[in-house]
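The analysis underlying the following values was restricted to heavy atoms, covering all of them including side chains, and did not include hydrogens, waters or symmetry mates.
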Amino acid sequence: MTQRRLASKVAALLACLAVSIVLGACAKKAPPATRPMPLEPPPPAVTPTPPPAPPAPPVQQPAPPPAEPVKEDVLLTANLDELNRLVSTQGLIKPVFFAFDSAELSPDAVATLKANGDMLKKYSSWRITIEGHCDERGTAEYNLALGERRAGAARTYLVSLGIPADRIQTVSYGKEFPFDPGHTEEAWARNRRGHFVITGK
Amino acid sequence: MRRMSVTLVAAIAGAGTCAMVVVVSAARSAPQQAAQGKPQTEITFRITGEPGALPRYAVPEFIPLSPDPDTAAAAKLVAQVLWNDLAFEREFSLIPRDTYASIPRARSMADVPFERWRELDADALVIGTIQKEGDQFRVAVRLFSVRDRQSAFGREYRGAAATPRFFSHSIADEIHQTQVNLRGVARTKLAFVSDRDGERIKAMFGDRAVKEIYISDYDGENQHRLTTGRGLNLTPAWSPDGRSLAYTSYRRGYGDIFISNIYQGTIPDNPTRGRGESFLPAWSPDGTKLAFTSDRDGNPEIYVINRDGSGLMRLTSHPAIDVTPTWSPSGMQIAFTSDRTGSPQIYVISADGTGVLRRMTREPYCDRPTWSPPPFNEIAYASRGGGGIDVKILDVVTLAVRQLTFGEGISESPAFAPNGRHVAFSSTRSGRAQIYLIDREGKNLTQVTRAGNNTMPDWSR
């Protein structure tokens with residue numbers, strides 16, 4: 001499939017999604033990908049006489065502003081490193097955070113997982129790894145297992161949303177790879193996480 | 001394995017050991033030349049100290065019988081290392097070496113100035129000679145009773161000149177064995193995790209430090225890296241025969257157990273073969289099985305598997321975390337950590353999975369049990385409380401607890417020495433995490449590593 005045809009197929013899909021998202025009324029702050037926006041030019045409002053349009057007319061590239069659809073394309077064409085960077089900086093897939101010594105999903109975590117799940121459904125070829133991490137205040141060995149529980153809890157919830165299990169791998173890093181090397185409550189809170197990495201697309 | 005008989009020690013390539021031939025030369029009475037391979041009953045006597053005191057040992061520089069600088073340097077080094085090895089077990093009182101300066105050096109075993117050593121109140125005197133032979137040294141050593149000038153112990157060694165410390169370690173182990181019937185640890189090894197190489201791996205997202213498995217002599221000498229591949233490697237575990245090291249590696253992107261056969265240079269075995277994540281391997285005492293933790297059935301549980309990957313058996317079936325197994329010396333029981341009551345505690349279960357689960361700890365948070373070898377029956381573990389983590393030891397029968405560390409940094413991941421008298425552990429007391437040794441009563445702290453962050457030690461037989 002060439003890039004252009006892929007782009008046009010996706011644009012058609014996104015048009016449908018755009019409509020459904022408007023109806024779905026997401027309450028979170030809108031990352032560009034989910035902002036409802038028609039991508040097809042509005043149907044000509046003039047003459048009703050011509051017979052029904054031929055099936056699947058080629059969709060032309062939308063008019064400016066080009067910012068949103070260009071990002072969509074980038075998500076499809078970026079390599080994995082860039083993709084992970086984009087997805088992170090734009091908050092399209094976010095880590096989930098946990099309470100001390102716990103693998104329970106808080107309401108915030110559930111909301112994040114729902115949003116992540118939406119992205120995974122949208123980009124249904126993506127495969128991800130969820131890394132479980134812990135802060136430094138537990139022992140190294142128990143934390144390897146706690147990290148596993150955290151990643152597993154996130155995975156189980158995503159599977160319950162309908163994401164196929166074989167798209168999600170889990171890894172535990174215990175306290176071995178902290179995101180923040182500090183020794184403060186903030187640093188510890190940042191480290192107690194399920195971290196998402198796109199590993200295939 | 002460490003009999004005091006004549007043994008031809010097979011050549012072992014690589015990893016800091018050396019080829020050695022041991023020849024028993026003489027005991028106290030008439031010199032006996034034992035045929036190689038036949039066990040010999042050595043007549044020896046125990047050198048004692050003053051009543052109520054440990055025997056006082058002196059270990060002066062060995063006598064170089066060759067004129068070259070290598071031999072001169074080795075003569076000093078072998079004596080110093082032997083002094084350290086004998087001091088480590090605290091069965092003898094080692095006389096400080098800077099007090100030896102006034103005593104004239106012997107030039108052979110025959111002209112030892114015993115009366116001068118008696119002035120230092122020495123009870124026992126180790127006299128050695130060392131001679132270069134090609135790329136080897138020949139070392140002869142005698143342990144003298146200073147009072148009656150008799151030799152309680154004599155040995156002759158031949159081995160690689162490149163590894164002089166190994167002579168010291170062998171002599172120390174044999175003196176401990178023959179004098180106090182103690183299995184010394186001077187020839188044992190440590191394994192641990194280190195990030196000292198300072199490389200960063202380009203993971204899928206972000207830079208992370210590499211962690212590799214290192215091995216070293218028990219005293220921290222000869223540290224060198226075992227794993228390559230610039231990834232994350234954790235939780236090393238020596239096989240009982242000291243020839244293999246199991247560990248957790250993330251080389252495939254998730255934790256899985258590999259076994260390096262370190263003297264064979266073959267690619268590592270992978271008995272857990274990538275089903276779910278598997279980590280924290282622990283060898284059964286007979287070396288045929290590994291206990292480990294895996295989430296292959298949905299949450300962390302304890303499993304046992306044969307070394308070749310067959311015979312998988314599940315030991316725990318509980319939605320709680322069950323992690324970090326350790327075997328009893330008989331191989332009949334396994335201790336592990338479980339948080340089934342809400343916080344991590346240590347439990348014991350039969351190694352065949354049947355039998356009653358016995359809870360061993362009732363402190364706020366206990367993890368990483370490691371079962372001592374005989375003659376002791378105790379479990380060392382990490383205990384969290386009061387904002388820190390410390391190493392403790394519990395008696396398996398009485399559950400009485402004694403504490404080894406007291407809040408100097410985070411101290412965790414204990415591992416017993418093979419004679420049960422010492423514990424290796426990781427501590428941040430000096431800033432970064434380093435490996436320390438301490439004896440089972442909490443004394444005699446020794447720092448083993450200094451470069452990078454070093455954690456998760458294990459101690460070989």
key: Heavy-atom side-chain contact between B/Y254 and A/T129 under 4.5 Å   = no

Close side-chain approach of A/L144 and B/T248, heavy atoms under 4.5 Å = no

request  = Measure from the side-chain N and O atoms of A/R137 to the backbone N and O of B/I389, and report whether any donor-acceptor pair falls under 3.5 Å.
outcome  = no

request  = Say whether, by atom type as modelled, one donor and one acceptor occur between the side chain of A/Y173 and the main chain of B/L232 under 3.5 angstrom.
outcome  = no

request  = For side chain to side chain contact (heavy atoms under 4.5 Å, CB included), just list the numbers for B/F279 and A/E148, CA-CA rounded to whole Å, side-chain angles, deciding distance to a tenth of an Å, and then say yes or no.
outcome  = CA-CA 11 Å; B/F279 47 85; A/E148 220 166 47; 2.9 Å; yes

task = Could you tell me which portion of B/T324 (side chain, backbone, both or neither) has an atom closer than 4.5 angstrom to a non-hydrogen atom of chain A?
result = side chain

query = Side chain, backbone, both or neither: which part of B/P319 has an atom under 4.5 Å from a heavy atom of chain A?
reply = backbone

Look at [options] and state which one has the largest set of heavy-atom pairs under 4.5 Å with chain A.
| options | value |
| --- | --- |
| B/V323, B/D367, B/T293 | B/D367 |
| B/I410, B/T337, B/L234 | B/L234 |
| B/T455, B/L280, B/N299 | B/L280 |
| B/G255, B/P344, B/G276 | B/P344 |
| B/S343, B/S413, B/G298, B/S426 | B/S413 |

task = Answer with side chain, backbone, both or neither: which region of A/T170 has an atom nearer than 4.5 Å to a non-hydrogen atom of chain B?
result = both

task = Select one option (side chain, backbone, both, neither) describing which atoms of A/L146 are under 4.5 Å from chain B's heavy atoms.
result = both

query = Looking only at heavy atoms, which two atoms of A/A145 and B/I321 are closest? And how far apart?
reply = CB-CG2, 3.4 Å

note = For A/R149 and B/P300, the nearest pair of non-hydrogen atoms, with its separation, is CD-CD, 3.5 Å

inquiry  = Under a 4.5 Å cutoff for heavy-atom pairs, which residue among A/A153, A/G152, A/G138 has the most contacts with chain B?
reply    = A/G138

query = Would you say the side chains of A/D101 and B/Y365 form a donor-acceptor pair under 3.5 Å?
reply = no

query = When you check the side-chain N and O atoms of B/T235 and A/E141, is any donor under 3.5 Å from an acceptor?
reply = no

Residue pairs fulfilling salt bridge (Lys or Arg N to Asp or Glu O under 4.0 Å) with at least one residue in residues 160-179 of chain A, sequence neighbours excluded = A/K175-B/E412, A/E176-B/K211

